[in-house]
Structure formats: C-alpha cells, structure tokens
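Encoded as structure tokens, the structure appears first; notes follow it.
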Amino acid sequence: MIKIVAFTDRRPGHEKQTTAVVKAVEAVEEAEVIWIEVKNNGFFTDLWLTILLFIPLFQRSTNICADADILIGAGRRTHLPLLHAKKKWG
C-alpha cells in the first residue's frame, strides 16, 4: 500500500488537480491518503518560511510525512509546505 500526503489550499481547481492525481494512483495500487489543508500565510510569513528552508535547525512539518511515499499538492500556497516536508523527510 502506498501512503500519499496531499497538501491542499482549498482552491477548487487546485483541489481537482490533486484529487485527479490521487485517484490515478489509487487506480493502480491501493493507497492511504492523508489530506493537509494549507492556510494563506501572507507575504512576510511566506518569506520567513522560505528563509527557514535554508536553516536545518528550523524545519516545519509533522511526522505524518515521515513514511509517505508520495507528497503532492497543486497551487502556490502548497509549495513551501511541500518543500519543508521533502527537506525534513526526504
């Protein structure tokens, strides 16, 4: 079974794209899907989170992503959380 962590910003088009990819994977193999809602942080918070990507001591993501096989998301707001999860959990 594949574990998928899907990040969503709750925008209809982005959610449809992410759901379509998840369904395509589920059609091939059984999958456990965990949905994480990403909030709109604003410019300065996004800037700060970008800076934190380069400081190994401060990495934001939960243990939910630790054993995920696929991290997925669509939309600008999901990029930073996806990068943080990838950097911390590979």
Side-chain angles (χ1 to χ4, degrees):
M1 176 162 44
I2 293 177
K3 182 175 179 182
I4 301 172
V5 178
F7 292 82
T8 179
D9 61 3
R10 304 298 292 178
R11 298 186 86 172
H14 298 155
E15 199 160 337
K16 285 181 183 179
Q17 290 175 357
T18 305
T19 302
V21 173
V22 168
K23 285 183 180 181
V25 171
E26 287 178 325
V28 176
E29 189 169 334
E30 186 179 346
E32 172 191 0
V33 182
I34 298 170
W35 291 89
I36 298 176
E37 185 176 342
V38 176
K39 306 286 185 201
N40 183 8
N41 295 322
F43 174 77
F44 291 108
T45 303
D46 284 346
L47 178 64
W48 178 244
L49 293 175
T50 302
I51 292 168
L52 291 181
L53 277 172
F54 300 100
I55 303 173
L57 184 61
F58 300 106
Q59 293 177 355
R60 284 179 31 146
S61 66
T62 63
N63 289 340
I64 288 174
C65 300
D67 57 347
D69 298 304
I70 299 173
L71 300 173
I72 188 169
R76 181 190 64 80
R77 291 186 190 130
T78 64
H79 295 172
L80 285 173
L82 280 166
L83 288 171
H84 278 279
K86 181 187 181 317
K87 184 170 183 172
K88 186 166 185 180
W89 302 111

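Bear in mind that the values here come from a model prediction, so they are computed numbers and not experimental data.
Scanning all heavy atoms of the two residues, the minimum distance from Glu26 to Ala31 falls at CG-CB, 3.8 Å. Closest approach of Thr18 to Ala6, counting heavy atoms only: CG2-CB, 3.8 Å. Considering all non-hydrogen atoms of both residues, Gly75 and Thr78 come closest at O-OG1, 2.7 Å.
By the side-chain hydrogen bond (donor to acceptor under 3.5 Å, both in side chains) test, His14 pairs with Asp9, sequence neighbours left out. The salt bridge (charged side-chain N to carboxylate O under 4.0 Å, His left out) check on Arg10 picks up Glu15, with sequence neighbours excluded. Residues passing the side-chain contact (heavy atoms from CB on, under 4.5 Å) test with Lys16: none are found, sequence neighbours excluded. In this view, Glu32 satisfies the salt bridge (charged side-chain N to carboxylate O under 4.0 Å, His left out) rule with no residue, not counting sequence neighbours.
Through direct or indirect side-chain contacts shorter than 4.5 Å among Ile, Leu, Val, Met, Phe, Trp and Tyr, Trp35 is connected to Ile2, Ile4, Val21, Val22, Val25, Val33, Ile70, Ile72.
A distance of 10.0 Å separates CG of Leu71 from NZ of Lys3, quoted to the nearest 0.5 Å. Atoms CD and CZ, on Gln17 and Arg11 in that order, are 11.5 Å from each other to the nearest 0.5 Å.
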